[in-house]
Structure formats: C-alpha cells, structure tokens
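Take a look at the structure below.
Proteins come first, then strands; the chains are lettered A, B, ... in the order of their sequence lines, and each starts at number 1.
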Protein chains: 2
Amino acid sequence: MNAAVQPLTARGEHSRAAIFDAALALFQERGYESTTMRAIADRAGVSLGSSYHYFASKEHLVLEFYSHTHQLHLAAIGPLLARERDLAARVRGTVRAVVVTCEPFHDFAGAIFSTVANPASPLNPFGRESKALRDEVIGLYAEVVKGSDTRIAPDIMSELPTLLWLYQMGILYFWIWDRSPGRLRTLALIDETTELIVRLVGLANLPVLRGSRKSALRLVRSIAEGQF
Amino acid sequence: MNAAVQPLTARGEHSRAAIFDAALALFQERGYESTTMRAIADRAGVSLGSSYHYFASKEHLVLEFYSHTHQLHLAAIGPLLARERDLAARVRGTVRAVVVTCEPFHDFAGAIFSTVANPASPLNPFGRESKALRDEVIGLYAEVVKGSDTRIAPDIMSELPTLLWLYQMGILYFWIWDRSPGRLRTLALIDETTELIVRLVGLANLPVLRGSRKSALRLVRSIAEGQF
DNA sequence: ACCGGCATTTGAACATGTTCAACTCTGAGG
DNA sequence: CCTCAGAGTTGAACATGTTCAAATGCCGGT
C-alpha cells in the first residue's frame, strides 16, 4: 500500500473529488462491501488506477468520509455552542448532532465502524493515521466543556474531553444497532447518559468524594497512557 | 456463503480437524491476514474446496478458534471456581485466566477482534451465529457470581453476568493494545477494576443508594433490550 | 459382486482489492 | 514553437476469498 498523493493541479483536484463523491454516493446506495473500487472509478469517470493514486486503499476512502462527516457535524453544532452555556445541553446537543449528521449513512456505518475498530487497520481510532482527526474531535469536546458555565476542576478537565470522545464512540456503536423508528432509542439514551455524566462531574466536586475522584482519574489515566 | 457442513464420517471428522489445526498454527505463525485459505488447505493436506466444505468462510475459522479458546479457559478456571468463594477473587481469577489463555494468540488477536466487532459480520458478538458461545460465556459469569459468598440482590444478579461479559470484552480490547512486558498493565487493570466492580456491587445494597441503583439498572436494561 | 445414493473432495473459475510499469498530458523554460 | 520533467492516467496482471459443478470414495441393500 503506497502512500496516496495530494493533487497538485486543478485537474488532480477534480479527479480526487470525483472519486470521493462517487464513493460516497455508492456507499449510500449499495453499502460498503457491495461497492467495488471498479464501480467507484467508473462512476467517477476515471480508471481504477487513478483511484489508488489518490486513496491508498478502500479504507482510506472511509477515513475521508469520516473527516467529511466531521465537517458536517461542526457546521451543525456551531450555533448551539455559540449560544448555549449549560453543560448538559452542550454535550447532549453535540452528541445528538453526531447521530443526526450520520443518519444518512446509517446503513453502511457498521462496515465503517468495523474498519475503525480494527487494531490492525492503520485507520483505527487509536492509530497514527487517524490522529489528526481524533485530536480534532477531542479538541471539539474540550471546547464543549470549556464553553459551559459549569466549574470543573482542572484534573477532571484534562481528562474529560477524551472521555467524552470515547463516550461518543460508545453512543455510535449503540446507534449502529438501533433499529427503532427515528432512532429514538439512541436519542433517549443520549439524554439519559449526558444527564448522568453531568451529574457525576458535579458530584466529583464534593469534598467527600475526593478520594474516589482521585482513584477514578488515576484509573482513567492509566488506561489512556501508552495508547495513542 | 453456504452453510458449512458437519462431518458425518470419521474421514470427515479428520479433515475438519486437520483444517482447523492448520489454520490455528498458521494464524499463530503468520497472523490472520497473511494466512491464506490456500496455505491452510495445503498444510491440512486437503484441497481449497474442502476447507469451504467445513468452514463457510475464513471468519468462521475464527469463530471456531474462539470456541476453542473458551474450552481452554474453562479448563483453566475450574479449580479456582471450585475452591474460591470471595467474589472479587473469583472475578479477578476468571478474567485473568482469559488473558493468560489468549496470550499465545496475542499477535493476531487484533484481527480477530475486528472480525468480532464488525456488526456486518455474522460472527459479531451480538449476532445470531455467535449466540451459542455468547450464552455460554454469560452463563460462566453467572456461575462465577452465584458461587460466591457475597449476597447480591436479584435485580442486580439478573444483569451482572451480561455486564461482566461486556467487561471482559473491554479488558480484551485493552489487552490487544497492551505492549507492556508480561502484559502487566492489563493484569494491573484487571485487579483495579474487579476491585471497583465488587465495591460497587456492595454499595448497591445500601438503602441510600436504592434510587441510583434502580435508575442505573433501568439504563442497563434499556441498553441491552433489543440487542441480541 | 453390483448398484445407488450420499458424503466428501477437487480444482478451475470468478470477484474484487491492490500493484505497477508504461503511457499521456501539461505547463514552464528556452 | 520545441523540450522535457513530472503530475496524472491507464489497464493489465496479481493475490486471495469464495463458488460450484463435476469427480471420487464409501457403504448399505440386493
């Protein structure tokens, strides 16, 4: 798998975009597995080889999709983050927006998740190649937390964005399996769990629980350390 | 993908076993991805087609491996479960035995996990084809819990085995990534988290926490419901 | 001993992700 | 207008998971 190339000319830009657009459309129409690289190249009006010139593998198209979705997500939550100050509302709105943004891709999201969960894949969320995107998402959650009017202790603040990112992945895994109409069960789960999270963050400020908080944070850090 | 066939003759038994043994050895030697079905058939001394007669796909060989490992695990913890009555010790010993049993396969465990995490795969842990094995593992944790001298409320008891099964999967995911010598970090994590779990189960008996316990269990059930 | 049916075995054919060496196009420099 | 380096493009070739129709082996019944 050779490294893919960044287009340097307008022509190249056009080809790369056409390939990605075709892939996105076909993934939606037929799902990930049933979409062949040949079909993508055909619809994009380029040859099979050209696809591999811009995307090192079929999985790399998924990474691009992932990043594309992230942009949609950012756009969707911009107003909310600018307006809302309540922590629970900010988290709930952000995570709800994730599943709403991803809704058109629900049918093939399973395949994507598998790609992304595979430790052997260079694209898995803990891996090197997805670091840029991961950092961006974690950074987003940092903003979600910092922009709220809730006072959060520094030691919690430093772990919370990563934890929320993991939480979002958990929600997405639930959502993939959710067959309820309108994905209502996922939305309900988000409401309940964000409530719970914010309550826990609040409780952590109680002096009585200082001990538990320290040991919980130590545990979290020991899990995170060495990963990434 | 046609359904695989159960061998009905001694000859068939022999072929099936040879194929599985060859696959296991090759997975260990070269990893999952680099092991081809042709290489498996070659080493087993059968034709390519025969492999597909007994295993519907390469992934089904993984499911068999999974079940094989479960047998090893059962054998490993038999004495412990017969002797030990302390809940924390039973859970810790059982989960420690999982990672110890899987240690020889650590290098290709990532690929297996990916297979198993893929919602599109018929083998994923929530799917139909892995139900038998899943029920067996959950049943094992039921025994782990019931055989302890800790008093556990019925409503918790009914969810705990499933939760412990999920917990074990989480530990395995951590273990896959663990590069520490002797996998000491995973073992330490198991010790800390089993401690925590048992403490939580104990706390849940306090009348003060009855409310939280009810709502936590409601959440767990709402997550589990509809899955499986 | 022969036969019929069924389990088992076979390997060629197929589908599809990936590689690669050769070809074409473009635009800057002369 | 010519040259040419390098970006872009191409499709054949390859590797490997999977399918399938045909061949083979085995065994009980006659």
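Residues in residues 7-30 of chain B take part in these side-chain hydrogen bond (donor to acceptor under 3.5 Å, both in side chains) pairs, two or more places apart or across chains: Arg16(B)-Glu64(B), Glu29(B)-Arg43(B).
Between Arg16(A) and Thr35(B), the residue whose closest nucleotide on DNA chain D is further toward the 5' end is Arg16(A).
Atom CD1 of Ile40(B) is separated from atom C1' of dT18(D) by 13 Å (rounded to the nearest Å). The interatomic distance linking Tyr52(B) (OH) with dC14(C) (P) rounds to 17 Å, in whole Å. Taking atom NE2 of His53(B) as the reference point, atom P of dG25(D) lies 16 Å away to the nearest angstrom. Atom pair Leu48(B):CG and dC20(D):P shows a separation of 14 Å (rounding to whole Å applied). The separation between His14(A) atom NE2 and dT26(C) atom P is 14 Å, rounded to whole Å. If you take CZ of Arg30(A) and C1' of dT16(C), they are 13 Å apart, rounded to a whole angstrom. Straight-line distance from the NZ atom of Lys58(A) to the P atom of dT19(C): 15 Å, rounded to whole Å. Between the CD atom of Glu59(A) and the C1' atom of dT18(C) there is a distance of 12 Å, rounded to whole Å.
Residue contacts shown for Ser34(B) are absent, as no nucleic acid heavy atom lies under 4.0 Å away. Using a 4.0 Å heavy-atom criterion, one finds that Leu8(B) contacts the sugar-phosphate atoms exclusively. Contacts of Ser51(B) with the nucleic acid, taken as non-hydrogen atoms under 4.0 Å apart, are absent. Within the nucleic acid shown, Gly12(A) comes within 4.0 Å of sugar-phosphate atoms alone, with no base atom in reach, counting heavy atoms only. Heavy atoms of Thr9(B) sit under 4.0 angstrom from primed sugar atoms or phosphate atoms, though from no base atom. Within 4.0 Å (heavy atoms only), Ser50(A) reaches at least one base atom of the nucleic acid. Contact annotation for Phe55(A): no contact, since no heavy-atom pair falls under 4.0 Å across all strands.
Comparing dT18(D), dG17(C), dT10(D) against the side chain of Val46(A) picks out dT10(D) as the nearest. Candidate nucleotides dG8(D), dG17(D), dG11(C) were compared by shortest atom distance to the side chain of Met37(B), and dG17(D) ranks first. Of the candidates dT9(D), dT18(C), dT16(C), the closest approach to any side-chain atom of Arg11(A) belongs to dT9(D). Nearest nucleotide to the Pro7(B) side chain, out of dT8(C), dT16(D), dT16(C): dT8(C).
At a cut-off of 3.5 angstrom, counting only N and O atoms as typed in the model, there is a donor on one side and an acceptor on the other between the side-chain of Arg38(A) and the base of dG17(C).
For Tyr54(B) and dT9(C), the shortest distance from a side-chain N or O to OP1 or OP2 is below 4.0 Å. OP1 or OP2 of dT9(C) has at least one side-chain nitrogen or oxygen of Ser15(B) nearer than 4.0 Å.
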**Request:** Tell me, with the steps shown, if Phe65(B) and Phe105(B) meet ring-ring contact (aromatic ring centres under 6.0 Å, His included).
**Result:** CA-CA 10 Å; Phe65(B) 158 81; Phe105(B) 316 107; 4.8 Å; yes
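In this structure, a donor-acceptor pair under 3.5 Å is absent between the side chains of Ser67(B) and His70(B).
Side-chain contact between Ile171(B) and Val98(B): absent, with no pair of heavy atoms (C-beta onward) separated by less than 4.5 Å.
Between Asp42(B) and Arg38(B) there is no salt bridge, since none of the side-chain N atoms of the basic residue sits less than 4.0 Å from a carboxylate O of the acidic one.
Closest approach of Ser51(B) to Val46(B), counting heavy atoms only: OG-CG2, 4.2 Å.
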